[in-house]
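In what follows, every heavy atom counts, from backbone to side chain, and hydrogens, waters and symmetry copies are set aside.
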Amino acid sequence: MSRIAVVLFNLGGPDGPASVKPFLRNLFSDPAIVRAPSLVRLPLARLIASAREKSAIANYAIMGGGSTIVGETLEQAKALRALLQARRPDDDVRVFIAMRYWAPRAREAAAAVRAFKPHEIVLAPLYPQYSTTTTASSMAEWREHYPEECREICCWFVNPGLIEAHASLIEKTWREAGSPKVRLLFSAHGLPERISESGDPYRWQIEQTCAAIGARLSAGWDWTLCFQSRVGPMKWIGPATSDAIKAAARDGVGVIIDPVAFVSEHVETLVELDHDYEKLARSLGVETYLRVPAVGVTPSFIAGLGDAVERALSRRGAHPDGRACRAEASGCGRRRVEGT
């Protein structure tokens, strides 16, 4: 019997109003997010956290007072473990979770993995598309607490299970609404343009995910990619989701929004998409506004994640599951790990 540890990574979120400010401080203290020397970054993080605390608490109040992301990730971990244990009855498979900016952090997850004493460890970021601001940051924190060799899935942006889950949820949501005339908006978390242009592969990988989902859908879908969650005065990659909604209004079509870069429900979906953007759409006269659920524990998604984990067991180091980055993507996960 082999003991196999799988670690799922995500950003995390505050578990109540009192943790909102320290969560934001952790977020904006990360050098992958605010790329400035610590003497500038840390005071700035405290300033931003104080400035955004009140509005963030109001947003989380809509969700019941705290983030849902840890609970959803625990459900995904439970489903993944059940799948892998059924596939590998002779092995002992455990799935752990590590949140980047709030509990349980990498330190806690690493201690739990050490106590398990696994023969193999697979690191599986729940960011299908790799970015230096998400996967790279989570992996850097993990290595601080667990420097021993692990098998890492650096990205899995065209994983068949992921693509199938998105496509099936899009068509199910559309059919249940009566198959109205709509434009499909793939809404992804945004990224500052300067980071995207520095070799970060995120935008290109998002584009490949959308193209794969579009090809999986039945014929005739009108779709476009857009980006949400912009913060600060710097220029971000576009088009913005708000602008895509305005364009749909001008064209006289409804919208159905798929949170293409998110695998669980949290503030960007439950507040930004379900409240802020729906309010915008209604104010512009958009008659149909539909939002596709995050893939969550959809069986095809969990199966695809399980496939990626099992493929990773045959490799060493960091590798994409499926298609690799373009040669010019200097920020890609595998190159960062290998130092090439």
Side-chain angles (χ1 to χ4, degrees), residues 68 72 75-76 79-80 83 126-129 155-189 203 205-229 239 241-249 251-266 268-278 280-282 284-308 321-323:
T68 58
E72 294 231 352
E75 288 300 309
Q76 290 169 326
L80 179 62
L83 175 82
L126 290 176
Y127 324 109
Q129 301 87 9
C155 58
W156 43 293
F157 54 96
V158 288
N159 175 278
L162 173 73
I163 302 306
E164 171 61 28
H166 276 284
S168 62
L169 287 170
I170 289 166
E171 297 206 315
K172 180 175 184 288
T173 302
W174 177 66
R175 287 195 304 269
E176 289 179 347
S179 306
K181 181 181 179 182
V182 291
R183 176 172 298 156
L184 171 59
L185 306 184
F186 289 116
S187 188
H189 197 290
R203 180 180 185 126
Q205 291 192 7
I206 287 284
E207 291 170 350
Q208 303 312 300
T209 302
C210 294
I213 297 169
R216 175 64 184 77
L217 293 169
S218 55
W221 278 87
D222 168 19
W223 64 265
T224 190
L225 168 61
C226 49
F227 297 90
Q228 64 181 91
S229 309
T241 301
S242 56
D243 291 338
I245 293 171
K246 292 172 185 175
D251 294 340
V253 296
V255 296
I256 178 170
I257 298 187
D258 177 53
V260 68
F262 306 106
V263 302
S264 55
E265 304 289 2
H266 47 296
E268 284 88 352
T269 60
L270 297 174
V271 177
E272 197 169 359
L273 293 183
D274 288 355
H275 288 263
D276 299 345
Y277 287 142
E278 181 172 15
L280 171 65
R282 300 304 182 200
L284 294 170
V286 175
E287 292 187 6
T288 301
Y289 183 92
L290 304 174
R291 207 269 285 179
V292 180
V295 292
V297 292
T298 304
S300 54
F301 169 69
I302 297 298
L305 183 55
D307 293 341
D321 182 66
R323 194 180 309 169

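Between Ile257 and Tyr289, some side-chain heavy-atom pair lies under the 4.5 Å cut-off. The shortest side-chain heavy-atom distance between Asp251 and Arg183 falls under the 4.5 Å cut-off. No side-chain heavy atom of Thr288 sits less than 4.5 Å from a side-chain heavy atom of Val255. Using a 4.5 Å heavy-atom cutoff, the side chains of Trp174 and Val182 are in contact. In this structure, the side chains of Val292 and Val260 stay at 4.5 Å or more apart for every pair of heavy atoms. Under the 4.5 Å side-chain criterion, counting only non-hydrogen atoms from C-beta, Leu184 is in contact with Ile170. With a 4.5 Å cut-off on side-chain heavy atoms, His189 and Phe227 do not count as touching. Residues Glu171 and Ser218 have side chains in contact (heavy-atom distance under 4.5 Å, counting atoms from C-beta outward).
For the residue pair Thr68 and Glu72, no side-chain donor N or O sits within less than 3.5 Å of a side-chain acceptor on the partner.
Put simply, the side chain of His275 never gets that close to the backbone of Leu273: no donor and acceptor are under 3.5 Å apart. Here the side chain of Arg216 pairs no donor or acceptor atom with the backbone of Pro160 at under 3.5 angstrom. Side chain of Ser168 to backbone of Glu164: a donor-acceptor contact under 3.5 angstrom is found.
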Verify side-chain contact (heavy atoms from CB on, under 4.5 Å) between Thr269 and Asp274, making sure each step is shown before the conclusion. CA-CA 6 Å; Thr269 60; Asp274 288 355; 5.6 Å; no
Evaluate Cys155 against Gln129 for side-chain contact (heavy atoms from CB on, under 4.5 Å), listing each step before the verdict. CA-CA 6 Å; Cys155 58; Gln129 301 87 9; over 6 Å; no
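A distance of 11.0 Å separates CD of Glu268 from OG1 of Thr241, quoted to the nearest 0.5 Å. The CG atom of Leu185 sits 8.5 Å away from the CG atom of Asp222 when rounded to the nearest 0.5 Å. Atoms CH2 and CD1, on Trp223 and Ile256 in that order, are 14.5 Å from each other to the nearest 0.5 Å. For the atom pair NZ of Lys246 and CG of Leu280, the computed distance is 6.5 Å after rounding to the nearest 0.5 Å. A distance of 4.5 Å separates CD1 of Ile213 from CD1 of Ile163, quoted to the nearest 0.5 Å. Rounding to the nearest 0.5 Å gives a distance of 12.0 Å between CG of Leu290 and CG of Asp258.
Salt bridge status for Glu272 with Arg291: absent, with no side-chain N to carboxylate O gap under 4.0 Å.
Nearest heavy-atom pair, Gly296 versus Gln76, reported as atom, atom and distance to 0.1 Å: O-NE2, 3.1 Å. Nearest heavy-atom pair across Thr173 and Pro293 is OG1-CD, 3.5 Å. Residues Gln228 and Tyr277 share a closest heavy-atom pair of CB-OH, 3.8 Å. For the residue pair Val286 and Gly254, the shortest heavy atom distance occurs at CG1-CA, 3.8 Å. The nearest pair of heavy atoms linking Asn159 to Leu305 is OD1-N, 4.4 Å. Taking every heavy atom of both residues into account, Phe301 and Ala165 meet most closely at CB-CB, 3.8 Å.
Each of Pro239, Ser187, Cys210 was scored for a side-chain contact (heavy atoms from CB on, under 4.5 Å) with Leu225, with one residue passing: Cys210. Results of the side-chain contact (heavy atoms from CB on, under 4.5 Å) test with Phe157 over Asp321, Thr209, Leu162 single out Thr209 as the only residue that passes.
Taking the six-membered ring for Trp and the full ring otherwise, Phe186 and Trp221 have centroids separated by 6.0 Å or more.
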